There are 2 protein chains.
Amino acid sequence: MSDAPEQGFPVAEYAARTARAQALMAAQELSGLLLTTEAEVRYFSGFHTLFWQSPTRPWFLFLPAEGKPIAIIPEIGAPLMRRCWIEDIRTWPAPRPQDDGLGLLTDILAPLAAQGARVGLPKGPETHLRMPLGDFETLLARLSGLDIVDATGILRSLRMVKSDTEIAKIAHICAIGSRAFARVPALARDGQPLEALFREFRQEALAQGADDVPYLVGGAGQGGYGDVISPPTRKPLRKGDILMLDTGATWDGYFCDFNRNYAVGTPDAAARRAYAALWRATEAAIAAVRPGVPCRELQEVMQAELGPQGSTVGRFGHGLGMQLTEWPSIAGFDETVLQENMVLTLEPSLVHGAGHVMVHEENIVVRAGGAELLTERAAPELPVI
Amino acid sequence: MSDAPEQGFPVAEYAARTARAQALMAAQELSGLLLTTEAEVRYFSGFHTLFWQSPTRPWFLFLPAEGKPIAIIPEIGAPLMRRCWIEDIRTWPAPRPQDDGLGLLTDILAPLAAQGARVGLPKGPETHLRMPLGDFETLLARLSGLDIVDATGILRSLRMVKSDTEIAKIAHICAIGSRAFARVPALARDGQPLEALFREFRQEALAQGADDVPYLVGGAGQGGYGDVISPPTRKPLRKGDILMLDTGATWDGYFCDFNRNYAVGTPDAAARRAYAALWRATEAAIAAVRPGVPCRELQEVMQAELGPQGSTVGRFGHGLGMQLTEWPSIAGFDETVLQENMVLTLEPSLVHGAGHVMVHEENIVVRAGGAELLTERAAPELPVI
């Protein structure tokens, strides 16, 4: 793909992320930060592999108060980690159920426990601990002096604001996704099983330059579809269907996340109105985006446009980057204030007709002057195929 | 795909899984089992969606001592869950950080806590708790009377042995993977960037009928490759390279997991010998498979064939099914005894030449009479392209 950005990041980016984390850690008097999930480990190390698909082995990254992160990882990952900027790489021959990294973690944490030091661990919304809970309990029992506190805020504030290099990757995959969606009218046909269309869409996204299409959901049904997270069935597309595909494709470890709606044959008035309302709600949110605006306000702007049809389930968008969905939420509860270089999805949804749902989604980056679209803006009227 | 099995499972399969779990729960005097991960929830409910890619929302399934499982899930999943066999579906408008399902879980668990009941939770190897740790701590504080014990053994013993319907799905995706690998000599060419070949392989696997290719790793290098979990680089293939692709493709939620090695041009003697040794080791393991044999013994059989070159890192295979890797491990520490209808990968690896690694992998199902290959057996000599 000749227009593709460079793969990876300069070492300076990892150094800057680590320095910013350490500044926030210092403000909370943290002696370290223990990370266990794919995105957390990759964010600070550059360690990028699909091997996380295997649930067998735990992986750990420890950010000390000063200096580079320390990798505590299965031996199988050492060659790849050595090509990252990390220097201190400690390995064990995982899987080894009697000690899957606990001894190595204890080496690092026991001296801190002896001082009664404070160590951060993400414990808050949208995080989880990716290691066996029993092993974590064993570790806690060994390190009773350690003061373990929630460090979600540190990761959240860092990861919500993207670097130029990150934005370039997201913009690239959004452009790939836009080109793939533009091909849907040529791929979809009356009588085609939905699962066949999904398969062809995946192939098209790859042909357009995606590395992978980890997320592809949607639906089709007469007058509308019933939910927005289902895998495709073998049911054939037919005239009168409203079709929706929602994709999270990736390039170099970064996601797009947006969808497109189509009518198979002439749509009924309810579906046309629903689509137009969602398009206007998204337009209003795009116009409302600027640094300083709280996420809650974007939700309100969209809800005002949709009126009582507006879905009250969940949220109307979210952050986007290394994961399909990231902090913040475009939701009434989220007072997070927009900052320059946040990447967001705007995703209003509503209920129409006989219990149908419809969702519309675009991806934007917050710039000083307002929203910059990363996706090719959907047509203002429901496209007919 | 005309040769594809039916999608999904008959309700009887979920009822049988639940009944088997409840029998094991009764033996341990468990009043319930709390599950939080994709595979666990899907195994007992049939709830199948890629939406788990989003880390935002927790999902819970509670297996009571008797009766059907109870789903405690975000409202966005209710339409899909209602199409499963589950009847008791309790939802909340997630994300809702101040109460992401905790109130609903408390409704179920508080009466059990009041009785000092015992509830199982997977805490052991290859498991994790997919909910914010802080929320789990809050729940524990509310339910101090509850005796929470590790239930890994129950899930492990159930999921290791596959039903005929599960085996048919795995066999189907293994056949798709085999057809895709057979096309690699036609897809690969001198000068082709490795990432382009990976992209074409993904498209080929989809064309052959895969739903998705969530896992594709490998490498290429002069005389051999350096690790077995890396994503592809843009480095062009060239004569003298040893190329390896390892794929976990899926069909209807079930994985294959195997790889193939190729020489680009005439390989050197070390690579040829390494390949032949791995092929023989796999052949020896295939011959050794039968019900009653401990997993450890398969590791020993392969190690004996490989001699001192044999890799001592990790393991020489593992279980396979809803996840890319599952219990058991083909490893010295694993005394699990093979049973009929276990599905396994046999995956010996060794070190050769100047620090190169080589791995070879096949998928089999344990039958009364021995191993039945699910993958088309690799050629006994290193294929040249």
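Per chain, numbering begins at 1; letters A, B, ... match sequence-line order. Since the structure is predicted, the reported quantities are computational estimates derived from the model, not experimental observations.
- Of the listed residues (Glu137(B), Arg130(B), Gln98(B)), the one with the most heavy-atom contacts under 4.5 Å to chain A is Glu137(B).
- Put simply, NE2 on His128(A) and NE2 on His128(B) are 4.0 Å apart, with the number rounded to the nearest 0.5 Å.
- Each of Gly226(B), Pro125(B), Pro231(B), Gly355(B) has some count of heavy-atom pairs under 4.5 Å with chain A, and the biggest count is that of Pro231(B).
- Using a 4.5 Å cut-off between heavy atoms, Phe198(A) does not touch chain B at all.
- Counting heavy atoms from C-beta on, the side chains of Asp212(A) and Val213(B) never come closer than 4.5 Å.
- Considering CD of Gln203(A) and CD of Glu204(B), their distance stands at 9.0 Å, rounded to 0.5 Å.
- Distance alone, capped at 3.5 Å, is enough to place a donor-acceptor pair between the Thr49(B) side chain and the Ile229(A) backbone.
- Ring geometry for Phe51(B) versus Tyr215(A): interplanar angle of 30 to 60°, hence tilted.
- The part of Ala94(B) that comes within reach of chain A is its backbone (N, CA, C, O), which places non-hydrogen atoms under 4.5 angstrom from that chain.
- Ranked by non-hydrogen atom pairs under 4.5 Å with chain A, the options Pro95(B), Ala39(B), Gly77(B), Gly124(B) are led by Pro95(B).
- Considering only residues two or more places apart in sequence or on other chains, Glu326(B) meets the side-chain hydrogen bond (donor to acceptor under 3.5 Å, both in side chains) condition with Arg159(B), Lys162(B).
- Residues Arg234(B) and Pro5(A) share a closest heavy-atom pair of NH2-O, 2.8 Å.
- Residues Arg83(B) and Asp227(A) are paired through a salt bridge, judged by an N-O separation under 4.0 Å between the basic side chain and the carboxylate.
- Residue Ile76(A) holds its CD1 atom at 7.5 Å from OG of Ser349(B), rounded to the nearest 0.5 Å.
- Between Thr325(A) and Arg57(B) the shortest side-chain heavy-atom distance does not fall below 4.5 Å.
- Remark: the backbone N or O of Pro55(B) is not paired with any side-chain donor or acceptor of Glu126(A) at under 3.5 angstrom.
- The CD atom of Gln53(B) lies 5.0 Å from the CZ atom of Phe255(A); values are rounded to the nearest 0.5 Å.
- Without hydrogens or angle criteria, Arg199(B) side chain to Ala210(A) main chain gives a donor-acceptor distance under 3.5 Å.
- Applying the salt bridge (charged side-chain N to carboxylate O under 4.0 Å, His left out) definition to pairs two or more places apart or across chains, those involving residues 91-100 of chain B are Arg96(B)-Asp99(B).
- Among the candidates Leu50(A), Leu80(A), Thr127(A), Thr56(A), the residue making the largest number of heavy-atom pairs closer than 4.5 Å to chain B is Thr56(A).
- Distance check: Asp252(B) CG to Glu195(A) CD gives 9.0 Å after rounding to the nearest 0.5 Å.
- For Gln192(A), the side chain to side chain contact (heavy atoms under 4.5 Å, CB included) criterion is met by Ala188(A), Arg189(A), Ala196(A), Leu197(A), Glu200(A), Leu237(A), not counting sequence neighbours.
- Heavy atoms closer than 4.5 Å to chain A are found in the backbone of Pro232(B), but not in its side chain.
- Interface check for chain A: of the options Pro58(B), Pro214(B), Pro79(B), the most heavy-atom pairs under 4.5 Å are formed by Pro214(B).
- In this structure, the side chain of Arg202(B) engages the main chain of Asp211(A) through a donor-acceptor pair within 3.5 Å.
- Leu133(A) contributes atom CG, which lies 5.0 Å from atom CZ of Phe136(B) (distance to the nearest 0.5 angstrom).
- Taking 4.5 Å as the heavy-atom cut-off, the residues of residues 317-324 of chain A that approach chain B are Gln323(A), Leu324(A), ordered by number.
- Leu129(A) is not listed as a side-chain neighbour of Leu129(B), based on a closest heavy-atom distance of 4.5 Å or more.
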